[in-house]
Amino acid sequence: MAQIGQILVDVPTMQTNDPYSYAIPSKLEHQVQVGMRVIVPFGRGHRVVSGVVVGLTDATSFDGELKPIQAVLDLAPVLNDELRALADWLADTTYAFRITCIQTMLPNQLKTQTERQVQPTQTLTPNEMATYFPDGAPREFTDKLDDATVAGLLKLQRAGKVEMTYQVKDRSAVKTTTGIKPALTTIKLREIQDEVTKRAPKQADLLAYLQTMSPDRLIAQSTVVKAAHISSAVITAAADKGWLTKAPLEVYRDPFQQPVKPTQPLHLNAEQQVAVSAISNAVDGHQTENFLVEGVTGSGKTEVYLQSIAIALQQGRTALMLVPEIALTPQMVNRVKARFGQRVAVLHSGLSKGEQYDEWRRIDRGEATVVVGARSAVFAPVKNLGIIIMDEEHETSYKQDENPRYHARDVALWRGRYNDCPVVLGSATPSLETRARAAKGLYTRLVLAKRVNDHPLPAVHIVDMREELKQHSEGDFSESLLTAIQTRLDRKEQMVLMLNRRGYSSFVMCRDCGFVLKCPNCDISLTLHMDTHTMKCHYCGHEEAIPHVCPNCHSRKIRYYGTGTQKVEEALQKEFPTARILRMDVDSTRKKGAHERILRQFGQHQADILLGTQMIAKGLDFPNVTLVGVLNADTALGLPDFRASERTFQLLTQVSGRAGRAAKPGEVYIQTFNPDHYAIQLAQQQDYERFFVTEMHMRHQGSYPPYYFAVQLTASHEDEATAAKAMYQIVAALKQGLSDKAIILGPTPKAIARVKRKYYYQVVIKYKQEAKLKPVLEQIRQAAQIPARHGLTVTIDPEPMNFM
DNA sequence: AGCACGCCGACT
DNA sequence: GTCGGCGTGCTC
């Protein structure tokens, strides 16, 4: 009989990264199970923390006295064997704490919060009482209290005059409604019914209904009221008479708005057929075969996914479908629900925390067998997976940019291996990593080159903005694009205009002295926001008034430069006064539901022009759109990032796919200052294969991924010298520990060196094989514990998404 | 994270 | 001489 629980405590430090042993008191003996959350005493005093049971043993190598587990928080484990193994692997590969990984995998509701309370233990002087307990009652002890109060209370605590109590708060509250069940036998109810039939017909109705109910299953009061055609007063009266009992009944919050009309599988073309049968063979054979579905926009990838999922479901297995957060629109979700109905669970940030938890539990209980969600849905507690799909696999949002710095693709591949099921990666423009792995035979490549409706890809025109600037005055629109817009307005067709990056470089500069208004906290220029008439910092949110006089030389010639969506909208409106324009960027979609509202309006042709940032490039499908304009194709090309070309190519290809989705042919205009750049040239030709070959060559030349692996280390501190010094020490450790084949870039200040009052220094290691890499990084991680006390943060990011 | 122990400066 | 600063170690 297991006596000891191995607990990972909820204290994210290096020293508590391995489980601690706790005694299991006999009264909890039959409750404690591996994978459950518990409350345990931790440290001196009465402090308690939550933890997760990761093992049950009857011996321990710890030779002190074991403390007992205080309470169990769950009725059933919240982490199954697979997810526990996954947490260990995640911690190992991302250099994050085990408990941090577990927290990331669980829904927010299951994260506990700790609270401290202070109360007097003995008579305090009236003075002390008045100072510290003005309400005469125990009070909460938070770190929001002012220093003097904290100091005073701690002093009283040392004197034993007040006591601290600790509480672990579990927020996993489930929603309940009043449920009822019969309290008497059917026979007895029948007797009473006969008695009351004449004088109390409503009570008789209820009694009749109660006889149809099972005595051990609660039914919602509201359901009974409706079914028996009675009022709730009748139920209350019946409860008083002891005919029935009321009890809280657990219900799900309902994230399904309206029922979706079911759809049937569509007819597949030859390419799709090949793809589906290859994937279903792997599903059938329980093979960990992974696929890359490379399909141009409109080639029907989604239908391939849906039919592959259907195969897994037919076998009584489950499916996980990952999509980028931005593509997780109601239209997209409805498409899946239309095929699989109530079996679908959706996990995304648009749901309330409670709804997210409910969906999680539906999955955990096996009530939902198809899971659709963004990055973190890769941790969904689906059992018996038969297939994992990751759409738009090249999207960088699949990588989490905080600890644990995991890539959902890697997690998906791990789960595929664990469950002996295929993983399907899909994209029109696969990441170089994925395409290269397919070339090496690690993934089976399935190409969908044909558009399902046989519509030709749109004609793409490149507009050389250098020429435009020579011939016309400066402006955001070229003559050819303006003409194209006018044509569409005349024909009552719609168009999408994309501006690369939000509020891109609409900064304020003095034309006399060149002074640029910068954020006092961060090292970047402030962006002009015309809606609030302020200058804003996009990193820390700092806001200040728009200057009318240069703070440096007092010239009045301080003007706005560059282009933001708002400014473009104004210019566009001036050019086409009657055009109806919808703007979609981070600012106009901040409010919940705004995103969908804008798209719906556009879909109903309430506007002619949709103007926006990157977010309009993904997955929109509007048949009436015949023109796509990219106003500034090259802003990303200038970034000091080895993936700049890849990003630009992907973005241009994606956005071009938005034109001419239906019967009307589409046209694309790309305005650029680098018309000869291969990323732009090949995007024009929509030639992914040539882009792949060209870019692979560049990566090879520069010793970049996928030819090399990469790890990025960052040190940050309020004091620049401290951050720099830490980074130099880290580099010294790296140089000593690693082979001379490893390429070490840096240390360098980050491209944006100061963010939120902190300075960032970084180093990037490029390597092919480094046996000692892991131990060296572990050692750096260990060493970073000490200066962390003084505000020095060291992060390790394996395979960073950008080197900036 | 959060607490106690322990070693140095300004007070009764 | 003590009170209290925060630097360091430890929590089953």
Side-chain angles (χ1 to χ4, degrees), chain A residues 2-25 28-29 32 34 36-73 91 96-104 111-119 121 128 140-170 402-404 717-719 722 726 781-794:
Chain A
Q3 302 282 314
I4 297 169
Q6 299 299 328
I7 315 289
L8 272 181
V9 292
D10 186 9
V11 178
T13 63
M14 210 68 235
Q15 300 93 309
T16 51
N17 203 23
D18 286 315
Y20 276 34
S21 303
Y22 280 87
I24 301 173
L28 296 181
E29 208 173 359
V32 177
V34 172
M36 286 177 170
R37 297 170 308 143
V38 290
I39 296 173
V40 291
F42 186 72
R44 282 161 279 217
H46 307 282
R47 189 182 173 203
V48 285
V49 298
S50 68
V52 175
V53 185
V54 293
L56 294 173
T57 55
D58 38 31
T60 173
S61 55
F62 179 71
D63 56 1
E65 200 179 322
L66 299 187
K67 289 182 179 178
I69 293 175
Q70 198 175 80
V72 180
L73 285 172
F97 300 122
R98 285 200 175 85
I99 193 67
T100 312
C101 294
I102 288 176
Q103 304 281 26
T104 305
K111 266 181 218 152
T112 54
Q113 282 178 333
T114 44
E115 249 179 32
R116 287 177 286 172
Q117 285 212 320
V118 261
Q119 65 242 325
T121 48
E128 287 168 338
E140 248 181 66
F141 187 86
T142 67
D143 33 5
K144 276 161 204 100
L145 296 176
D146 62 276
D147 291 356
T149 314
V150 169
L153 282 170
L154 288 176
K155 195 170 161 189
L156 288 176
Q157 190 195 16
R158 275 191 294 277
K161 288 170 138 183
V162 299
E163 196 181 48
M164 204 85 86
T165 53
Y166 300 79
Q167 263 184 315
V168 173
K169 283 213 317 189
D170 183 20
E402 60 188 54
N403 282 335
H717 195 270
E718 287 196 2
D719 174 48
T722 308
R781 193 150 89 103
Q782 195 77 45
Q785 287 284 108
I786 300 137
R789 280 270 166 77
H790 311 288
L792 182 87
T793 314
V794 174

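Order of the sequence lines sets the chain letters (A, B, ...), proteins ahead of strands, with each chain counted from 1. Since we're looking at a predicted model, the values are computed, not measured.
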Fill in: side-chain N/O R116(A) vs dA1(B) OP1/OP2, d < 4.0 Å
no
Worksheet item: Tell me: CD1 of I786(A) to P of dA1(B), nearest whole Å?
Response: 16 Å
Discussion item. How many whole angstroms separate atom CG of N17(A) from atom P of dA1(B)?
Written reply: 14 Å
Worksheet item: Once you round it to whole Å, what is the distance between C1' of dG2(B) and CD of Q113(A)?
Response: 17 Å
Worksheet item: Atom CE of M14(A) to atom P of dA1(B): distance rounded to whole Å?
Response: 14 Å
Worksheet item: Under a 4.0 Å N-O cut-off, is there an ion pair linking D18(A) with R98(A)?
Response: yes
Practice prompt. Considering non-hydrogen atoms only, spot the tightest contact between I24(A) and I4(A) and give its length.
Written response: CD1-C, 3.8 Å
Could you pull out the protein-nucleic contacts involving nucleotides 10-12 of chain C (nitrogen or oxygen on both sides, under 3.5 Å)?
| from | atom 1 | to | atom 2 | distance (Å) |
| --- | --- | --- | --- | --- |
| dC10(C) | N4 | R789(A) | NH2 | 3.3 |
| dT11(C) | O3' | G43(A) | N | 3.2 |
| dC12(C) | OP1 | G43(A) | N | 3.4 |
| dC12(C) | OP2 | K67(A) | NZ | 2.5 |
| dC12(C) | O3' | S21(A) | O | 2.9 |
| dC12(C) | O3' | K67(A) | N | 2.7 |
| dC12(C) | O2 | S21(A) | N | 2.6 |

Practice prompt. Write down the distance between CD1 (I99(A)) and P (dA1(B)), rounded to a whole number of angstrom.
Written response: 13 Å
Practice prompt. Examine dG2(B): is either OP1 or OP2 under 4.0 Å from a nitrogen or oxygen in the side chain of Y166(A)? Give yes or no.
Written response: no
Discussion item. Can you measure E115(A) atom CD to dA1(B) atom C1' for me and round it to whole angstrom units?
Written reply: 16 Å
Item to complete: Drop me the distance from S21(A)'s OG to E65(A)'s CD, to the nearest 0.5 angstrom.
Response: 13.5 Å
Worksheet item: Could you give the distance from CD1 (I69(A)) to CG (L66(A)), rounded to the nearest 0.5 Å?
Response: 10.0 Å
Discussion item. If I take atom CE in residue M164(A) and atom C1' in nucleotide dA4(B), what distance separates them, rounded to the nearest angstrom?
Written reply: 12 Å
Discussion item. Using every non-hydrogen atom in the two residues, find where P19(A) and L8(A) come nearest and quote the distance to one decimal.
Written reply: N-CD2, 3.8 Å
Fill in: Side-chain (T104(A)) to main-chain (T100(A)) donor-acceptor, under 3.5 angstrom
yes
